Engineer: 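Submitted below is the structure of interest, expressed as structure tokens.
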Amino acid sequence: MKSKIHEYRNDKKKSFSKSFFGITTALLLFSFSIQAQENKAKDLLNEVSAIVKGYKNIVIDFKYSLNNTKENIKQDSKGNVTMMGNQYVLNFMGATKIYDGKKSYTIVPEDEEVTISTVNEKDDSAITPSKMLTFFNSGYRCTIDKLEDVKGRKIQYVKLTPNNTKDKRKEILLGIDVQTKHIYNLIETDKKGTKTTLTVNSFKTNQPLSKNQFTFVASKYPNYYINKID
């Protein structure tokens, strides 16, 4: 009788050991898999950043969509932006914003008003078009996500999850063209369910630009109210 009990206990120990070993192995493999996915995502994002920084200038036509099914809100807008270094000209939703590297000029024809303000480039909260192409370099946990075929183009998505728990955004999906390493789209979902999507319709580089491309010329707006914030 004792031998049977002893044998039973040994079998239980062996079974426990096998189960423990199996669970431990699975957890280690899962951990290695996650790490590999994160490394792959980081390598891809680093490649995107390096390519973007190599261009003299970038001209983008884009579509911006906002969707909130709970509130039954859906809005689509188109725009374009020309960037060179940290300078840019953005045309979006009926307004033009010029940044010459020091000051920002927001021109609103509907109100016949120009707002002038100084931008602190060192301020991480200051969002500029140029940062939109490199914002993902820090502050996020990134993993490789789905791969989609969009009109013959392979788009690899990278999921970005903010490290800051106070961030209102739940996650960001960054779609990258596998061949060109250019950003195809950016899908942002906040914690309340609102989803915004920015899709690049045209991505041109090293274009011939005017010498005054990023210069605000006040004489073009003689009847506008000039609002100087600082």
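Treat the numbers as computed from the prediction; the structure is a model and nothing was measured.
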Engineer: Is there a side chain to side chain donor-acceptor pair (under 3.5 Å) between K103 and T118? Walk through the geometry before answering.
Structural biologist: CA-CA 4 Å; K103 290 185 178 292; T118 302; 3.1 Å; yes
Engineer: Counting only N and O atoms by type, is there a donor-acceptor contact under 3.5 Å from the side chain of Q213 to the main-chain atoms of K211?
Structural biologist: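 No, the answer is negative, given that no donor and acceptor are paired below the 3.5 Å cut-off.
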Engineer: With a 4.5 Å cut-off on side-chain heavy-atom distances among I, L, V, M, F, W and Y, is there a chain of contacts connecting L147 to I176?
Structural biologist: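 No, separate clusters.
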Engineer: Look at the side chain of Q156 and the backbone N and O of K146, then say whether any donor-acceptor pair between them is shorter than 3.5 Å.
Structural biologist: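 Yes; at least one donor-acceptor contact below 3.5 Å.
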Engineer: Would you mind reporting whether C142 and K42 have side-chain heavy atoms less than 4.5 Å apart?
Structural biologist: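 Counting from C-beta outward, K42 and C142 do come under 4.5 Å.
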Engineer: NZ/K78 to CE/M93 distance, rounded to the nearest 0.5 angstrom?
Structural biologist: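 Here the interatomic distance stands at 14.5 Å.
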Engineer: Other than L173, what residues sit in its cluster of Ile, Leu, Val, Met, Phe, Trp and Tyr side chains whose heavy atoms are under 4.5 Å apart, directly or through others?
Structural biologist: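 V150, I155, Y157, Y184, I187, all in the cluster of L173.
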Engineer: Which ILVMFWY residues can you reach from F216 by hopping between side chains whose heavy atoms are under 4.5 Å apart?
Structural biologist: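 M84, V89, I98, Y105, I107, V114, I116, L209, F214, Y221, Y224, I226, all in the cluster of F216.
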Engineer: Measure the OG1-CG distance between T143 and L160 for me, rounded to the nearest 0.5 Å.
Structural biologist: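 Answer for the OG1-CG pair, T143 versus L160, is 8.0 Å.
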Engineer: Working to the nearest 0.5 angstrom, can you tell me the gap between N227 CG and T115 OG1?
Structural biologist: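 So the CG of N227 and the OG1 of T115 are separated by 4.5 Å.
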Engineer: So Y55 and F203, do their side chains get closer than 4.5 Å, heavy atoms only?
Structural biologist: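 Yes - at least one pair of side-chain heavy atoms lies under 4.5 Å apart.
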Engineer: Is it true that Y88 and V108 fall in one hydrophobic cluster, defined by side-chain heavy atoms closer than 4.5 Å?
Structural biologist: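 In one cluster: no.
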Engineer: Hey, could you give me the NZ/CG distance between K195 and N67, rounded to the nearest 0.5 Å?
Structural biologist: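 The CG atom of N67 is 7.5 Å from NZ of K195, to the nearest 0.5 Å.
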Engineer: Within a strict 4.5 Å, meaning less than it, do heavy atoms of the D177 and K154 side chains meet?
Structural biologist: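 Contact flag for D177/K154 side chains = no.
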Engineer: Find out if a path of hydrophobic residues (ILVMFWY) with successive side-chain heavy-atom gaps under 4.5 Å connects V178 to I183.
Structural biologist: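 No, V178 does not connect to I183 through the hydrophobic network.
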Engineer: Is it the case that the side chain of N57 and the backbone of Q207 share a donor-acceptor pair, with hydrogens and angles ignored and the cut-off at 3.5 Å?
Structural biologist: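 Between the backbone of Q207 and the side chain of N57 there is a qualifying donor-acceptor contact (under 3.5 Å).
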Engineer: Under 3.5 Å, is there a donor-acceptor pair between the side chain of K191 and the main chain of D167?
Structural biologist: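 The answer is yes, because a donor-acceptor pair under 3.5 Å joins these two groups.
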Engineer: Within the side chain of D190, is there an N or O that forms a donor-acceptor pair under 3.5 Å with the backbone of T194?
Structural biologist: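 Here the side-chain-to-backbone pair exists.
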Engineer: What's the verdict on side chain to side chain contact (heavy atoms under 4.5 Å, CB included) for R169 and Y140, showing C-alpha distance, side-chain angles and the deciding distance?
Structural biologist: CA-CA 11 Å; R169 296 169 298 179; Y140 301 89; 2.8 Å; yes
Engineer: Heavy-atom distance under 4.5 Å between the side chains of I60 and M83, does that happen here?
Structural biologist: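 Counting from C-beta outward, I60 and M83 do come under 4.5 Å.
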Engineer: L174 and L186: which non-hydrogen atoms are nearest, and at how many Å?
Structural biologist: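 Here L174 and L186 meet closest at CD1-CD1, 3.9 Å.
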Engineer: Strictly by modelled atom types, are N80 and N91 linked by a side-chain donor-acceptor pair under 3.5 Å?
Structural biologist: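 Their side chains do contain a donor-acceptor pair, which is all the 3.5 Å distance test asks for.
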Engineer: Taking the side chain from D149 and the backbone from G152, do they hold a donor-acceptor pair closer than 3.5 Å?
Structural biologist: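 Here the side-chain-to-backbone pair exists.
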Engineer: Are any of the side-chain heavy atoms of K159 and E171 separated by less than 4.5 Å?
Structural biologist: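 K159 reaches E171 side chain to side chain.
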Engineer: Are the side chains of D76 and K63 in contact, using a 4.5 Å heavy-atom criterion?
Structural biologist: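 Yes - at least one pair of side-chain heavy atoms lies under 4.5 Å apart.
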Engineer: Assigning hydrophobic clusters by single linkage (Ile, Leu, Val, Met, Phe, Trp, Tyr; side-chain heavy-atom cutoff under 4.5 Å), is L198 placed with V59?
Structural biologist: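 Different clusters.
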